[in-house]
Amino acid sequence: MGNSALKAHLETAQKTGVFQLTGKGLAEFPEDLQKLTSNLRTIDLSNNKIELLPPLIGKFSFLKSLALNNNKLTALPEELCKLKKLETLHLNGNHLRQLPAAFAQLSALKTLSLSGNQLRTVPTQLCGLRHLDVVDLSKNQIQNVPDTVGELQAIELNLNQNQISQISVHISHCPRLKVLRLEENCLELSMLPQSILSDSQISLLAVEGNLFEIKKLRELEGYDKYLERFTATKKKFA
């Protein structure tokens with residue numbers, strides 16, 4: 001992509017606060033964006049070939065939305081964690097194995113999408129995010145859901161298409177968790193904590209495609225309590 005085209009994009013972004021440059025084969029984060037650190041509210045660089053996010057990302061202090069889906073990122077810089085106003089972060093389809101240690105400093109974050117990466121566990125940093133609504137960790141390599149998950153503040157947690165065979169009973173302590181997606185994992189029925197049914201806030205539990213028949217789930221103790229929550233929620237949205 002020529003410099004003149006980039007310049008035109010930068011001029012538009014200066015006026016709108018939105019910089020969107022998707023599917024252009026970019027190999028790196030455009031350095032020229034640093035001229036707009038105080039203007040930009042939205043950056044979308046999805047469907048490119050970016051391998052590294054430079055430390056200068058930390059300077060976009062007004063950024064609310066960052067999308068880098070389908071790039072080649074293997075790691076994220078600690079500087080990303082300085083984005084105190086960031087509400088939406090989309091990183092689907094990269095090669096991420098972990099999140100920066102200070103990730104919980106993204107205190108405004110509401111939506112986090114990490115589908116199609118190489119995470120092996122549910123990152124503990126997520127438990128420090130107080131305003132998190134939706135977390136998508138589908139299509140990773142997660143094998144178990146640890147005790148720390150009990151502190152997660154999310155309303156929806158998507159763990160579809162992982163390799164999960166164990167889930168901590170603490171997941172039923174999540175104060176706001178309403179939707180739990182566990183489709184296409186490696187769960188035996190005995191490994192699904194019954195407290196999810198009998199003693200949690202969860203009103204939509206999606207578990208198709210595991211190592212048990214769905215009708216067996218209906219025989220578990222606590223299923224009637226779950227069904228009450230499920231039905232009440234459905235009525236609310238009908």
Side-chain angles (χ1 to χ4, degrees), residues 22 29 42-54 57-58 60 63-168 171 174 176-186 204 206 209:
T22 58
F29 186 89
T42 300
I43 296 177
D44 186 352
L45 293 164
S46 297
N47 303 313
N48 282 295
K49 295 175 180 170
I50 298 168
E51 292 181 21
L52 279 177
L53 199 53
I57 192 67
F60 292 89
L63 201 62
K64 283 193 163 184
S65 174
L66 176 61
L68 286 154
N69 296 327
N70 304 317
N71 276 281
K72 298 190 171 192
L73 298 171
T74 53
L76 300 169
E78 288 289 340
E79 286 80 3
L80 177 72
C81 308
K82 292 177 181 170
L83 303 179
K84 295 286 182 235
K85 291 195 182 334
L86 195 68
E87 293 178 8
T88 308
L89 180 57
H90 290 295
L91 295 163
N92 301 326
N94 280 283
H95 307 295
L96 299 169
R97 291 171 183 268
Q98 58 193 41
L99 298 179
F103 198 79
Q105 288 174 16
L106 293 171
S107 50
L109 202 61
K110 289 180 184 172
T111 304
L112 175 63
S113 298
L114 286 161
S115 179
N117 278 280
Q118 293 170 17
L119 299 172
R120 292 182 173 270
T121 181
V122 177
T124 50
Q125 297 94 315
L126 302 186
C127 298
L129 296 166
R130 292 283 161 240
H131 299 287
L132 206 53
D133 289 337
V134 179
V135 184
D136 186 352
L137 299 173
S138 61
K139 300 180 185 174
N140 275 281
Q141 296 161 17
I142 298 169
Q143 295 177 5
N144 67 346
V145 180
D147 288 351
T148 46
V149 77
E151 293 164 44
L152 190 69
Q153 297 289 321
I155 297 169
E156 175 169 343
L157 175 60
N158 186 342
L159 291 164
N160 289 347
Q161 295 182 11
N162 277 282
Q163 298 155 19
I164 296 167
S165 58
Q166 284 187 308
I167 300 177
S168 165
I171 198 157
C174 292
R176 299 167 69 216
L177 191 62
K178 297 275 194 290
V179 178
L180 177 59
R181 300 184 188 280
L182 287 163
E183 296 181 6
E184 295 180 49
N185 276 285
C186 309
L204 177 62

Could you tell me whether the side chains of Asn185 and Asn162 share a donor-acceptor contact shorter than 3.5 Å?
no
Do the non-hydrogen side-chain atoms of His90 and Thr111 ever get within less than 4.5 Å of each other?
yes
Looking at NZ of Lys64 and NZ of Lys85, how far apart are the two atoms once the value is rounded to the nearest 0.5 Å?
8.0 Å
Is there side-chain contact between Lys178 and Glu156, with at least one heavy-atom pair below 4.5 Å?
no
Over all heavy atoms of both residues, which pair between Leu106 and Cys81 is shortest? Give the atoms and the distance, please.
CD2-CA, 3.8 Å
Quick one: pull up CG in Leu80 and CD in Gln105 and give me the separation to the nearest 0.5 Å.
10.5 Å
Heavy-atom donor-acceptor pair, Ser46 side chain to Asn69 backbone, under 3.5 Å:
yes
Any donor-acceptor N/O pair, Asn71 side chain to Lys49 backbone, under 3.5 Å:
yes
Has Gln98 got a side-chain atom pairing as donor or acceptor with Pro123's backbone, closer than 3.5 angstrom?
no
Criterion side chain to side chain contact (heavy atoms under 4.5 Å, CB included) against Leu66, the qualifying member of Thr88, Ile57, Leu45, Asp44:
Ile57
Are the side chains of Lys84 and Ser107 in touch, meaning some heavy atoms are under 4.5 Å apart?
yes
Spacing of NE2 belonging to His95 relative to CD belonging to Glu51, to within rounding of 0.5 Å
8.0 Å
Got a donor-acceptor contact below 3.5 angstrom from the Asn140 side chain to the Gln118 backbone?
yes
Is it the case that the side chain of Asn94 and the backbone of Leu68 share a donor-acceptor pair, with hydrogens and angles ignored and the cut-off at 3.5 Å?
yes
Mind listing the closest non-hydrogen atom pair of Phe29 and Pro54 along with its distance?
CB-CD, 3.4 Å
Answer yes or no: is there a side-chain heavy-atom contact under 4.5 Å between Leu157 and Ile171?
yes
Asn117 side chain to Leu119 backbone, donor-acceptor under 3.5 Å:
no
Under 3.5 Å, is there a donor-acceptor pair linking the side chains of Asp147 and Ser168?
yes
Which pair of non-hydrogen atoms, one from Asn48 and one from Thr22, has the smallest distance, and what is that distance?
ND2-CA, 3.9 Å
Looking only at the side chains, is there a donor atom on one of Ser115 and Ser138 sitting less than 3.5 Å from an acceptor on the other?
yes
Of the non-hydrogen atoms in Pro77 and Pro100, which two are nearest, and what is the gap between them?
O-CG, 3.8 Å
Under the 3.5 angstrom rule, does the side chain of Asn160 hit a backbone N or O of Glu183 as a donor-acceptor pair?
yes
Separation of Leu89 CG from Leu109 CG (nearest 0.5 Å)
6.0 Å
Just so I know, are the side chains of Ile167 and Leu182 near enough to count as touching, which here means a heavy-atom distance under 4.5 Å?
yes
Distance col, row Leu91:CG vs Leu53:CG, nearest 0.5 angstrom, shows 8.5 Å
Between Pro146 and Val122, what is the shortest heavy-atom contact and its length?
CD-CB, 4.1 Å
Just so I know, are the side chains of Gln163 and Gln141 near enough to count as touching, which here means a heavy-atom distance under 4.5 Å?
yes
For residues Ser65 and Leu86, report the shortest heavy-atom separation together with the two atoms involved.
N-CD1, 3.7 Å
Does either side chain, that of Arg176 or that of Gln153, offer a donor lying less than 3.5 Å from an acceptor on the other one?
no
Separation between CG of Asn158 and CG of Leu112, rounded to the nearest 0.5 Å
11.5 Å
